[in-house]
Participant: 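Sharing a structure, written as structure tokens. Questions coming.
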2 protein chains.
Amino acid sequence: MIATPMRFTRNSEIYGEDEAAEYLYQVVSGAVRTYKILEDGRRQIGAFYLPGDIFGFEAEESHISSAEAICETHLLMVKRTAVIFRASHERELARQLWDAMALELRRFQAHSMLLISSAEDRVIAFLLDISRRTTKSAAIDLPMSRQDVADYLGLTIETVSRTFTQLEQNGAIALPTTRRVELRKDTLSNRFAQNFG
Amino acid sequence: MIATPMRFTRNSEIYGEDEAAEYLYQVVSGAVRTYKILEDGRRQIGAFYLPGDIFGFEAEESHISSAEAICETHLLMVKRTAVIFRASHERELARQLWDAMALELRRFQAHSMLLISSAEDRVIAFLLDISRRTTKSAAIDLPMSRQDVADYLGLTIETVSRTFTQLEQNGAIALPTTRRVELRKDTLSNRFAQNFG
DNA sequence: CGTCCAGTTGACCATGTTCAATACTGGTGG
DNA sequence: CCACCAGTATTGAACATGGTCAACTGGACG
């Protein structure tokens, strides 16, 4: 299957809401956010995609979100129709597609669970999720700004900032720089009442 | 494809979280809720399914939510593996499956948008959604309790109840009985700041 | 050294939660 | 037919969490 490599710069648009959904994408390096702008101007980030993640199939004919590169990002693109066509012959590919969409559903469902928790639980769940998806080590480098985190978690930037500070004071995390977070997982898990699959 | 009809009584379990995901289901009559119980005992309802809706494919191998009949409910069940197998031969079926999952994703995404709005907007969006999915007339009969609505919207039952009362006092809805709601759509839309697809 | 932008902090405020009391509704049995 | 009961819904008052608005900090870069 022909995959086209593409390069996007910080904050550049990958696709827009309501654009025809022509491609599926896989992140090679960098990070991507998908989002919608509400009428009142707020932005809701639906998901972050990190190296290895596949995105773009939140769509029938046209995309329901916009997608932007958070930082310098390399992607692979394949034609959506080509994938679906090939999947109609190859059981294995069909199953992979199915699983990928199921994973996507899982993520959105987990996100819904997040959004009904306290600010602290949201931030902790976010950090653990990013940590699990990027590195097995205890430190993570966030590619996204506090504003991105806030729009993802349905909080304000101030509340996110305060929560980071609080977690640091509790010894649950360390913040060598604003974008680098060292997790003390045992402490974090203790503070973490929720059941996020 | 062999579809088995099944009957479920009020509050009976259709499948449990972590059960093997053997079937896909279509609602013939009645109503279904899918939900997860959080560690702290709260229940998050992920979705309601109404006549015509297909559910059960929020799954790779096992379900990620439990499903219950809200009231007396008739379903059709088909083996998941049978559907996927047939989809690997039939392009049209594959496309239908794809679209159905995309719709499911859309719903979860819309739900995330809901959960970051005010209580009033959540309730209005909920009512408009149910209305759109059931009847073109201005009156709807809610199969679910206030507690169900609260757990779906991430609010308390008290807030839901207060919001219903408020909307009635504003003339945006009428409540002949607690489960029957007459929508004044123009008034509702005015009060409704959000951009829910 | 000054500017700019992202992030942090503080004080006050609004929205929704909590806890508790009260009302309604539908079904059952006298 | 009515009285009673249990489950469901509504209302009220005090409270807590996160939002808002505004001031301040700190680091990167010219």
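A, B, ... follow the sequence lines: proteins, then strands. Residue 1 opens every chain. Not measured: the values here are computed from a predicted model.
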Participant: Under the side-chain contact (heavy atoms from CB on, under 4.5 Å) test against I173(B), which residue among L127(B), I140(B), T165(B), V123(B) passes?
Facilitator: L127(B)
Participant: Give each protein N/O atom lying under 3.5 Å from an N/O atom of nucleotides 15-18 of chain C, with the pair distance.
Facilitator:
residue, atom, partner, partner atom, Å
dG16(C), OP1, A119(B), N, 2.5
dT17(C), OP2, T156(B), N, 3.4
dT17(C), OP2, T156(B), OG1, 3.1
dT17(C), OP2, T159(B), OG1, 2.4
dT18(C), O4, R162(B), NH2, 2.8

Participant: Less than 3.5 Å apart, any donor N or O on the side chain of E13(A) or S66(A) sitting next to an acceptor on the other?
Facilitator: no
Participant: I want to confirm an ordering. Mapping N11(B) and T165(B) to their closest nucleotides on DNA chain D, which one lands closer to the 5' end?
Facilitator: N11(B)
Participant: Taking the six-membered ring of F164(B) (Phe, Tyr or Trp), confirm whether the NZ or CZ of R146(B) is under 6.0 Å from its centre and within 45° of its axis.
Facilitator: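 That pair qualifies as a cation-pi contact.
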Participant: For T9(B) and E72(B), which I'm curious about, is there any donor-acceptor pair between the side chains at under 3.5 Å?
Facilitator: no
Participant: Classify R180(B) by what it touches in the nucleic acid, base, sugar-phosphate, or nothing, heavy-atom distance under 4.0 Å.
Facilitator: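 Answer is nothing: R180(B) stays at 4.0 Å or more from every strand.
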Participant: Tell me, please, the opening and closing nucleotides of DNA chain D, 5' to 3', among those with an atom under 4.0 angstrom from a non-hydrogen atom of chain B.
Facilitator: dT8(D) to dA13(D)
Participant: With the threshold set at 4.0 Å, does a side-chain nitrogen-carboxylate oxygen contact exist between D151(B) and R43(B)?
Facilitator: yes
Participant: Give T177(A) one of three labels, base, sugar-phosphate or nothing, depending on what nucleic acid heavy atoms sit under 4.0 Å from its own.
Facilitator: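 It contacts nothing in the nucleic acid.
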Participant: Touch check for S161(B), heavy atoms < 4.0 angstrom, all strands: base, sugar-phosphate only, or nothing?
Facilitator: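 The answer is base, as S161(B) lies within the cut-off (heavy atoms under 4.0 Å) of a base atom.
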Participant: Hey, which of Y15(A), Y49(A), F57(A) is the one that makes ring-ring contact (aromatic ring centres under 6.0 Å, His included) with Y25(A)?
Facilitator: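 The single option meeting the ring-ring contact (aromatic ring centres under 6.0 Å, His included) with Y25(A) is Y15(A).
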